[in-house]
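Sharing a structure here in structure tokens format.
Since this is a predicted model, take the numbers as computed values, not measurements. The first residue of the sequence shown is numbered 1, and numbering continues consecutively from there.
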Amino acid sequence: KYRLKNTTGYGINALIDFIDPVDMLAHLTIGSEGTLGFISSITYHTVPDHPHKASALVLFDELEAACQAVSTLKAQGAVDAVELVDQPSILAVQGKAGLPDFLYGVTTADTPRAAALLIETRGASADELATHCEQINTTLAAHNPAAHSGFSSDAAVCETYWAVRKGLFPAVGATRPVGTTCVIEDVAFPVERLAEGVLRLRALLQQHGYTEALIFGHALDGNLHFVFAPGFDSEAEVQRYSRFMDDVGQLVAVEFGGSLKAEHGTGRNVAPFVRLEWGDEAYEVMLAIKQLFDPAGLLNPDVIISRDEQIHLKDLKRLPAADDLVDKCIECGFCEPVCPSNGLSLTPRQRIVLWRRIQQLQRDGSDPALLAELQQQYVWLGLDTCAATGMCATRCPVGINTGLLVKKLRGPATQPALAQTLERHLGSVVGSARAGLGVLKLARGVLGADRVHALNSAMHRAIPLVPVAPLATPGPAGRLPADNQVPGGEPL
């Protein structure tokens with residue numbers, strides 16, 4: 001079972017891989033998703049990251065030929081990563097800039113079984129990298145690819161290729177019907193049966209009506225991710241999803257002897273299928289482990305180990321319609337690191353989640369008290385504290401600018417003349433703010449931060465226009481270079 005990538009259930013190979021019980025416990029706890037305990041600190045043992053790298057995109061007219069090439073490349077050992085991208089996935093990214101022209105020749109009618117391989121190789125030196133590239137090219141030539149980009153060690157080109165692979169998950173999110181949920185799962189087939197596994201999984205998705213699904217993955221390990229968009233807004237849709245998951249379990253775990261979870265956590269979605277994959281004897285060992293660590297069943301209940309065979313159909317995540325500006329959001333959180341209000345109030349993802357909840361409550365009228373509370377809190381959390389800079393759109397896989405929603409909800413500017421004046425004199429405004437932060441820093445150095453905060457709070461109570469500077473307010477930043485100008489010509 002562990003010759004394949006496998007994270008389904010507990011890592012019971014620890015019981016035979018180690019002799020020291022402490023080592024067994026450590027490796028059982030890793031990947032246990034909080035069901036056996038809490039990990040307070042982790043020490044990483046790193047591996048070399050070779051400085052010389054090259055990537056290539058290779059197109060095959062037939063999926064089987066691509067998978068056969070993967071098996072040969074794995075045996076050769078010169079590759080470090082091989083990603084398989086199926087035909088619908090190629091079609092989904094054809095609009096991306098910087099891709100080889102030959103990918104635009106893939107069509108639904110003429111090349112329905114096409115597939116591409118994204119290959120990366122690395123070396124400790126430029127000579128070693130060149131040798132690897134030559135070996136891989138020779139191997140690929142024997143499998144007659146339809147097109148080959150050639151290997152590039154240009155970081156920008158390689159980043160473009162890998163951005164294609166990373167963009168496949170949100171590609172479904174951008175095209176899914178409003179109200180459906182974007183689900184990603186990962187399984188592993190034996191590498192020698194990878195092509196058959198892809199075709200059977202694709203047929204299963206088609207059979208259950210998930211025609212928008214994409215399949216891609218870490219081909220060297222037989223590990224496939226598939227992304228699809230089920231709807232959970234009716235019992236009929238939930239039952240369709242249930243039948244699909246049952247069939248996936250039979251296909252992967254029973255027919256192919258594969259892994260229902262190759263690298264993601266088991267969670268609740270696959271918890272009902274752990275026994276199916278492992279069999280009664282191994283599953284009983286897992287039950288015994290859970291009982292030893294957590295006899296009262298308090299730690300992350302129903303994750304990995306569950307007696308509820310319907311747990312994967314409960315508390316399903318819905319993405320109700322909220323506004324055309326943000327309905328494509330799949331709540332991935334990629335936007336959060338660049339949001340100015342992250343840590344103060346809400347991130348763009350959280351603003352969208354909360355606004356979706358408010359809209360849902362307005363439509364169904366199920367909880368007026370909760371609706372009123374959320375609407376009241378949203379004014380400060382969602383609207384007043386959003387900088388509306390659009391920084392979130394620079395990281396969003398589908399280009400959502402949550403600031404546009406905030407501006408729409410705020411309505412027209414109440415002081416347009418003042419805003420225009422501030423814009424014309426932004427250098428002076430920024431300079432005044434810097435001076436104020438400098439005074440605050442100086443006062444804290446003389447009187448102490450707590451005393452200054454108390455005086456600041458008292459002034460605010462007496463004169464509400466005086467803002468309260470939180471204790472975490474930093475000092476002034478250094479000046480930008482003189483050639484950094486703002487509208488109006490004033491240097492910042």
Quiz item: Distance from Ile330 atom CD1 to Cys396 atom SG, nearest 0.5 Å?
Solution: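 Rounded to the nearest 0.5 Å, the CD1-SG separation comes out at 8.0 Å.
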
Exercise. Take Lys5 and Asp186 through the test salt bridge (charged side-chain N to carboxylate O under 4.0 Å, His left out) and record every step on the way to the result.
Key: CA-CA 10 Å; Lys5 287 174 72 174; Asp186 82 306; over 6 Å; no

Quiz prompt | Non-neighbouring partners of Arg356 that pass salt bridge (Lys or Arg N to Asp or Glu O under 4.0 Å), sequence neighbours left out | solution =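 Scan of Arg356 (salt bridge (Lys or Arg N to Asp or Glu O under 4.0 Å), adjacent residues dropped) gives Glu331.
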
Exercise. Identify, with sequence neighbours excluded, every residue that meets ring-ring contact (aromatic ring centres under 6.0 Å, His included) alongside Tyr161.
Key: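 Listed in chain order: nothing, the list is empty.
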
Self-check item: Ring centers of Phe102, His148 separated by less than 6.0 Å
Solution: no

Exercise. Decide yes or no on side-chain contact (heavy atoms from CB on, under 4.5 Å) for Thr385 and Trp380, but give the supporting numbers first.
Key: CA-CA 6 Å; Thr385 54; Trp380 188 84; 3.4 Å; yes

Practice problem: State which residues pass ring-ring contact (aromatic ring centres under 6.0 Å, His included) with Phe226; sequence neighbours excluded, sorted by chain then number. | Solution: Phe228

Could you pull out every donor-acceptor pair under 3.5 Å between side chains of residues 401-411 and any protein atom, sequence neighbours left out?
{"residue": "Asn401", "atom": "OD1", "partner": "Gly403", "partner atom": "N", "Å": "2.9"}
{"residue": "Lys408", "atom": "NZ", "partner": "Asp323", "partner atom": "OD2", "Å": "2.7"}
{"residue": "Arg410", "atom": "NE", "partner": "Leu383", "partner atom": "O", "Å": "3.2"}
{"residue": "Arg410", "atom": "NH2", "partner": "Leu383", "partner atom": "O", "Å": "2.5"}
{"residue": "Arg410", "atom": "NH2", "partner": "Cys386", "partner atom": "O", "Å": "2.5"}

Quiz prompt | Partner residues of Asp294 under the side chain to side chain contact (heavy atoms under 4.5 Å, CB included) criterion, sequence neighbours left out | solution =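 In terms of side chain to side chain contact (heavy atoms under 4.5 Å, CB included), with neighbours along the sequence ignored, Asp294 is linked to Lys290, Leu298, Leu299.
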
When the side chains of residues 40-52 are checked against the rest of the protein, which donor-acceptor pairs come out under 3.5 Å, sequence neighbours left out?
{"residue": "Asp49", "atom": "OD1", "partner": "Lys53", "partner atom": "NZ", "Å": "2.9"}

Exercise. Only counting residues at least two apart or in another chain, list the ones meeting ring-ring contact (aromatic ring centres under 6.0 Å, His included) with His132.
Key: none

Quiz prompt | Counterpart residues, side chain to side chain contact (heavy atoms under 4.5 Å, CB included), relative to Gln239 (two or more places apart) | solution =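 Here the qualifying residues are Glu235, Ser242, Arg243.
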
Quiz item: Partners of Glu120 by salt bridge (Lys or Arg N to Asp or Glu O under 4.0 Å), sequence neighbours excluded?
Solution: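 Testing Glu120 for salt bridge (Lys or Arg N to Asp or Glu O under 4.0 Å), a comparison that skips the adjacent residues, returns Arg122.
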
Practice problem: Just grab all the salt bridge (charged side-chain N to carboxylate O under 4.0 Å, His left out) pairs involving residues 79-92, residues at least two apart or on different chains. | Solution: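 Non-adjacent pairs meeting salt bridge (charged side-chain N to carboxylate O under 4.0 Å, His left out): Glu83-Arg165, Asp86-Arg202.
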
Quiz item: Within a reach of under 6.0 Å around CG of Asp364, are more than 12 heavy atoms found that belong to other residues, nucleotides or ligands?
Solution: yes

Quiz prompt | Contact list for residues 324-347, test ring pair (Phe, Tyr, Trp, His ring centres under 6.0 Å), sequence neighbours left out | solution =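 Residue pairs passing ring pair (Phe, Tyr, Trp, His ring centres under 6.0 Å), neighbours aside: none found.
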
Distance-only donor-acceptor pairs under 3.5 Å for side chains of residues 450-458, two or more places apart:
{"residue": "His453", "atom": "ND1", "partner": "Ala469", "partner atom": "O", "Å": "3.3"}
{"residue": "Asn456", "atom": "OD1", "partner": "Ala469", "partner atom": "N", "Å": "2.8"}
{"residue": "Asn456", "atom": "ND2", "partner": "Pro467", "partner atom": "O", "Å": "3.0"}
{"residue": "Ser457", "atom": "OG", "partner": "His453", "partner atom": "O", "Å": "2.9"}

